[in-house]
Novice: 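Next up is a structure, given as C-alpha cells.
Everything numeric in this text was worked out from a predicted model, so none of it was measured. The figures that follow rest on heavy atoms only: side chains count, while hydrogens, waters and symmetry mates do not.
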Amino acid sequence: MSKRYGTDPGAPFAVREISFAVPRGTLTTILGPSGCGKTTTLRMIAGLEAPTAGQILIEGRT
C-alpha cells in the first residue's frame, strides 16, 4: 500500500509501496528512523487513514 498527502501527482509519499504479512500469534514491531512512515502505516492498519493506493487485508478481508 501507499499513502500520499495531497492529490497532485507530485505530492510527497508518507508511505511508498509497503507490503508485509504478520503471522497469527506473533509479536511484530515496525522499526525505522523518524519520518519514515511508521505512524502513518499503523494509522492505516487501524482504519484511521485510508491508503492512497493498495489495500489492507486482515484475515483475507479488506
Side-chain angles (χ1 to χ4, degrees):
M1 72 183 159
S2 296
K3 176 67 176 181
R4 271 185 200 240
Y5 287 108
T7 56
D8 180 45
F13 279 98
V15 176
R16 176 182 266 171
E17 297 179 11
I18 187 173
S19 177
F20 62 94
V22 178
R24 181 183 292 271
T26 64
L27 177 64
T28 302
T29 63
I30 299 174
L31 302 173
S34 179
C36 73
K38 299 177 304 286
T39 299
T40 302
T41 298
L42 291 172
R43 289 179 57 82
M44 288 189 288
I45 292 168
L48 301 172
E49 296 272 349
T52 304
Q55 59 185 344
I56 299 168
L57 300 175
I58 298 175
E59 295 187 345
R61 295 177 294 216
T62 57

Novice: So, does Lys38 use its side chain to make a donor-acceptor pair with the main chain of Pro33 at under 3.5 Å?
Specialist: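 Judged by distance alone, yes, a pair lies under 3.5 Å.
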Novice: To the nearest 0.5 Å, how far apart are OG1 in Thr28 and CD1 in Ile30?
Specialist: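 Rounded to the nearest 0.5 Å, the OG1-CD1 separation comes out at 8.5 Å.
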Novice: Taking C-beta and beyond as the side chain, do Thr39 and Thr41 meet within less than 4.5 Å on heavy atoms?
Specialist: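 Thr39 vs Thr41: side chains apart.
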Novice: Check residues 15-22 and write down every donor-acceptor pair under 3.5 Å in which the side-chain atom is one partner and the other belongs to a residue at least two apart or another chain.
Specialist:
none

Novice: Transitively linked via ILVMFWY side-chain contacts under 4.5 Å: Leu42 with Ile58?
Specialist: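 Same cluster.
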Novice: Flag the pair Met44 / Lys3 as yes when at least one side-chain heavy-atom distance between them is below 4.5 Å, and no otherwise.
Specialist: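 In contact.
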Novice: Between Tyr5 and Thr52, is any pair of side-chain heavy atoms under 4.5 Å apart?
Specialist: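 Not in contact.
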Novice: Rounded at 0.5 Å granularity, tell me how far CZ in Arg61 sits from CD in Gln55.
Specialist: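 If I round to the nearest 0.5 Å, the distance is 13.5 Å.
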Novice: Can any side-chain N or O of Arg4 pair as donor or acceptor with the backbone N or O of Phe13 at less than 3.5 Å?
Specialist: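 Judged by distance alone, no pair lies under 3.5 Å.
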Novice: Is there a side-chain contact between Thr62 and Leu57 in this structure, where contact means two heavy atoms from C-beta onward sitting under 4.5 Å apart?
Specialist: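 Yes, side chains in contact.
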